[in-house]
There are 2 protein chains.
Amino acid sequence: MNPTIKDVAKYANVSIATVSRIVNGLPGYSEDTKKKVQEAIEALGYQPNAIARGLINKRTQTIGVLFPDVSGMLSSEVLEGVENAAHDAGFSVIVCNTASSGKRTVKYLRLLQEKRVDGIIFASEVVKEEYYKIFQEMKVPVVLVSTASSEFDLPFVRVNDFEGAFRATEYLITNGHKMIGMIGGKTNDPIAGIPRLKGFKEALQKHSLPYSEKHITISEGYRFQNGKESLPVLLKQLPNMTALFAVSDEVAIGAMTAAHQLGIKVPEELSIIGYDNLKFAEMCYPGLTTVSQPLKDMGQTAGEILVKLIKGEEKEAESRFMPFTIVERQSVCDLRNK
Amino acid sequence: MNPTIKDVAKYANVSIATVSRIVNGLPGYSEDTKKKVQEAIEALGYQPNAIARGLINKRTQTIGVLFPDVSGMLSSEVLEGVENAAHDAGFSVIVCNTASSGKRTVKYLRLLQEKRVDGIIFASEVVKEEYYKIFQEMKVPVVLVSTASSEFDLPFVRVNDFEGAFRATEYLITNGHKMIGMIGGKTNDPIAGIPRLKGFKEALQKHSLPYSEKHITISEGYRFQNGKESLPVLLKQLPNMTALFAVSDEVAIGAMTAAHQLGIKVPEELSIIGYDNLKFAEMCYPGLTTVSQPLKDMGQTAGEILVKLIKGEEKEAESRFMPFTIVERQSVCDLRNK
DNA sequence: ATTAAAAGAGTAAACGTTTACGTAAAACGC
DNA sequence: GCGTTTTACGTAAACGTTTACTCTTTTAAT
């Protein structure tokens, strides 16, 4: 077995209390004994048992993170940020892949409860009442990332999706586009779906550009296939469209692929702007101009806020809107010089 | 505080031992008391404390996973598989992002040791002696994924990279290509670098095709930029190249982008085959033909093997070569019909 | 020199479980 | 109906820590 504090105490001829104090940097011993104990620790290769510590301290130095899709491109970058913040603060992170299933989510939440995690990060999903109840039962801080809840009072870290969509659309307008379409996400999705649609619409209206249902196609998801399938539909509705705002990068790239297949040149004949700035937004051809969500930063920030809440350094949780930027690549062309 | 087993015992008027037995499905009580206790559990909302359990059982039902790059596209799919297998077996997974740093790796290993994880999955990196020593100290099973160790006896789950590269090259040859180049990975990388280079070379030789240093460019990494920068170099070395084998999908797509910029048509003037089958291999244009590593499966398999080892169901760890396939998309053209 | 305060260290309880052991009652065998 | 086994529990130790409390011994203050 691994050596315990008792072994160290025996080896150094002191009590376990003294060893504990030295290990934890508490006062109450002479330099001499400190040295003796440290030598004992070294000699035995002692490692404190975090489980025993957790039992008595009621602190596990562990947080749980729930994603609807761990391997998704959004999730993985957020995860990196969270992991980073956690690690810096001496916490470990347990990942949970809820697969957007309520059952699985609850199961995971229960598991995290049994494991006595110190806090939870909940990403990219809407918070159901069922979940919220468990949060309360658990009595640990929770922070939302890339989502928010109108119903429940939980701190969040996200970008303002309305603003992002608004600005993306304005960007197209600024570049001289007048006939602009959008491939939108689910209309029942309060996080990414509704606000982006709204931002698009209001930007058009602000600039007195035509807007009707014809300008929008609703896809069932945010994936490549959705974009690929939606572009032809949208094109039929809005034949003289010169620019497209896609609800996500994957959708944008799907649309781009569809355009290639239809022989439509991007950006000469059709400009496309995406949303997310996933890693491969720069890898497609032409490089995708897109609204950049600072995913890693968001994860990091969420992690930091959670840690502060756990440590009790902050009582009231501050939510944070993270800044987005429009990163310009080659998928939008400027019509003004024509 | 959360209710404990004592509270349940008191509520149900039995001893904690009885509650424990019931909770754990051990024999030794009447149906009557079982009902009483279950009601008590229900009424109090009792959840067993996994920390206390871990302390006495010396089992945490937790595994640690180390990645050089959590948010990398390879890692995230492997992670999903691991997480899946772990969850199915009732284990949680702690993710660690080593950032390919020895220091960080050791730090994480120590952390996992303190947290008393039951096993470790180590991904995509070479196992240094320093790490191996800690593995031994920890006395927990370890399984490697997407890597292997010649030096140390550790079970692995991976594809045969030599074979994969060989077959990829043969695929190009079968399609009538004779002048084939490769953008290779690091020559000091025993996992992905050396075997893929070797596979390429031997395939050419087997089919009596010309081969010299000119057919290869070595890039410093496996990323998009590496591919983008390497293509022009390779093209200078091998001007009449008709097909390219890229050491990774990112490199392949980088090369594809470079080709676009140089006005070289893919696949008409240059065929490209990649390696990995990342999610966005199908999202670029033209769709990338590539060697598919079953990343999620690999993670899942590694997870399953680890769990078996932890449970002691298997004594000797079996390593596994996973099957790769070549997924055909549009980036390779068939020269035989010409 | 006397007393008070501080420093150095030990003892033991507590955290929430599991489980070996003990014991009384019930069930069984004949 | 008696001894024996089985069933149904309860008691208490153990897991590896932290920490409140106690007790000496040293240091400081007057």
Side-chain angles (χ1 to χ4, degrees), chain A residues 1-38 40-41 44-62 90 110-111 113-118 138-139, chain B residues 1-38 40-41 44-62 90 110-111 113-118 138-139:
Chain A
M1 257 342 308
N2 281 312
T4 75
I5 200 171
K6 271 186 197 162
D7 301 321
V8 175
K10 200 171 292 175
Y11 189 100
N13 261 314
V14 297
S15 75
I16 58 171
T18 300
V19 177
S20 175
R21 278 187 284 254
I22 289 169
V23 169
N24 293 292
L26 300 172
Y29 45 82
S30 67
E31 276 304 308
D32 264 13
T33 54
K34 181 175 177 182
K35 198 162 291 170
K36 262 198 311 184
V37 169
Q38 281 176 333
I41 288 174
L44 299 173
Y46 167 72
Q47 295 275 131
N49 181 326
I51 302 299
R53 278 183 163 173
L55 184 58
I56 192 139
N57 290 335
K58 293 158 177 317
R59 275 291 193 80
T60 51
Q61 299 290 110
T62 304
R110 291 290 174 208
L111 195 74
Q113 187 175 17
E114 289 193 14
K115 290 251 162 91
R116 298 300 194 260
V117 295
D118 297 331
M138 292 177 74
K139 296 187 198 70
Chain B
M1 254 344 308
N2 281 312
T4 75
I5 199 171
K6 270 186 197 162
D7 301 321
V8 176
K10 200 171 292 173
Y11 190 101
N13 262 315
V14 296
S15 75
I16 58 171
T18 299
V19 177
S20 175
R21 279 187 282 255
I22 290 169
V23 168
N24 292 293
L26 300 173
Y29 45 81
S30 67
E31 276 303 309
D32 264 14
T33 53
K34 181 174 176 183
K35 198 162 290 173
K36 261 198 311 183
V37 169
Q38 282 175 333
I41 288 174
L44 299 173
Y46 168 71
Q47 294 276 130
N49 182 326
I51 301 300
R53 279 184 162 172
L55 184 57
I56 192 141
N57 290 335
K58 291 157 180 320
R59 275 290 193 80
T60 52
Q61 300 289 109
T62 304
R110 291 291 174 207
L111 195 74
Q113 186 175 17
E114 290 192 13
K115 290 250 163 94
R116 298 299 193 262
V117 295
D118 297 331
M138 291 177 74
K139 297 188 198 69

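Every chain is numbered from 1, with letters handed out A, B, ... down the list of sequences.
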Between atom CD1 in B:Ile56 and atom C1' in C:dT18, what is the gap in whole Å?
4 Å
So how far is it from B:Asn13 CG to B:Thr18 OG1, rounded to the nearest 0.5 Å?
11.5 Å
Between the CD1 atom in B:Ile51 and the CD1 atom in B:Ile56, the distance rounded to the nearest 0.5 Å is 14.0 Å
Rounded to the Å, how far apart are B:Ile16 CD1 and C:dC15 C1'?
12 Å
Given C:dA9, D:dT19, C:dT17, identify the nucleotide with an atom nearest to the side chain of A:Asn57.
D:dT19
Testing C:dT18, C:dA9, D:dA8 for proximity to the side chain of A:Thr18, the answer is C:dA9
Give the rounded distance in Å between these two atoms: CG of A:Asn24 and P of D:dT19.
7 Å
Considering only side-chain heavy atoms of B:Lys6, which listed nucleotide, D:dT17, D:dA14, C:dC15, is closest?
C:dC15
Out of D:dT18, C:dT18, D:dC9, whichever nucleotide has its closest atom nearest the side chain of B:Tyr29:
D:dC9
Integer-rounded Å distance: D:dC15 P and B:Leu55 CG:
9 Å
By the 4.0 Å heavy-atom rule, please label A:Glu114 as base, sugar-phosphate, or nothing.
nothing
Where do A:Ala40 and A:Tyr11 come nearest, in terms of heavy atoms and distance?
CB-CD2, 3.3 Å
Whole Å only: how far is the NZ atom of B:Lys115 from the C1' atom of D:dT17?
15 Å
Looking at the side chain of A:Thr4, which of C:dG8, D:dG16, C:dG16 is the nearest nucleotide?
D:dG16
OP1 or OP2 of C:dA9 sitting under 4.0 Å from any side-chain N/O of A:Thr33?
yes
Side chain of A:Ala17 - closest among C:dT19, C:dG10, D:dT17:
C:dG10
Are B:Asn2 and B:Asn49 packed together at the side-chain level, in the sense that at least one heavy-atom pair is separated by less than 4.5 angstrom?
no
Integer-rounded Å distance: D:dT17 C1' and B:Ile51 CD1
13 Å
Which residue, A:Val19 or B:Lys34, contacts DNA chain D at a nucleotide closer to its 5' end, judged by nearest heavy atom?
B:Lys34
Testing the basics here: between B:Ile5 and B:Ile16, what is the closest heavy-atom pair and its distance to 0.1 Å?
CD1-O, 3.7 Å
Shortest non-hydrogen pair, A:Lys115 vs B:Thr60, comes out as CE-O, 3.3 Å
Considering just the side-chain nitrogens and oxygens of A:Ser30, establish if one lies under 4.0 Å of OP1 or OP2 belonging to C:dA9.
yes
Write down the distance between CG (B:Asp32) and C1' (D:dT7), rounded to a whole number of angstrom.
14 Å
First encountered from the 5' end of DNA chain D, between A:Asn2 and A:Leu26:
A:Asn2
Under 4.0 Å: is that the gap between some side-chain N or O of A:Ser20 and OP1 or OP2 of D:dT18?
yes
Give A:Glu31 one of three labels, base, sugar-phosphate or nothing, depending on what nucleic acid heavy atoms sit under 4.0 Å from its own.
nothing
Side-chain N or O of A:Lys58 less than 4.0 angstrom from OP1 or OP2 on D:dT18?
no
By nearest-nucleotide position on DNA chain C, the 5'-leaning member of B:Pro48 and B:Arg21 is B:Pro48
In whole Å, I'd like the distance from the CZ atom of B:Arg116 to the P atom of C:dT17.
21 Å
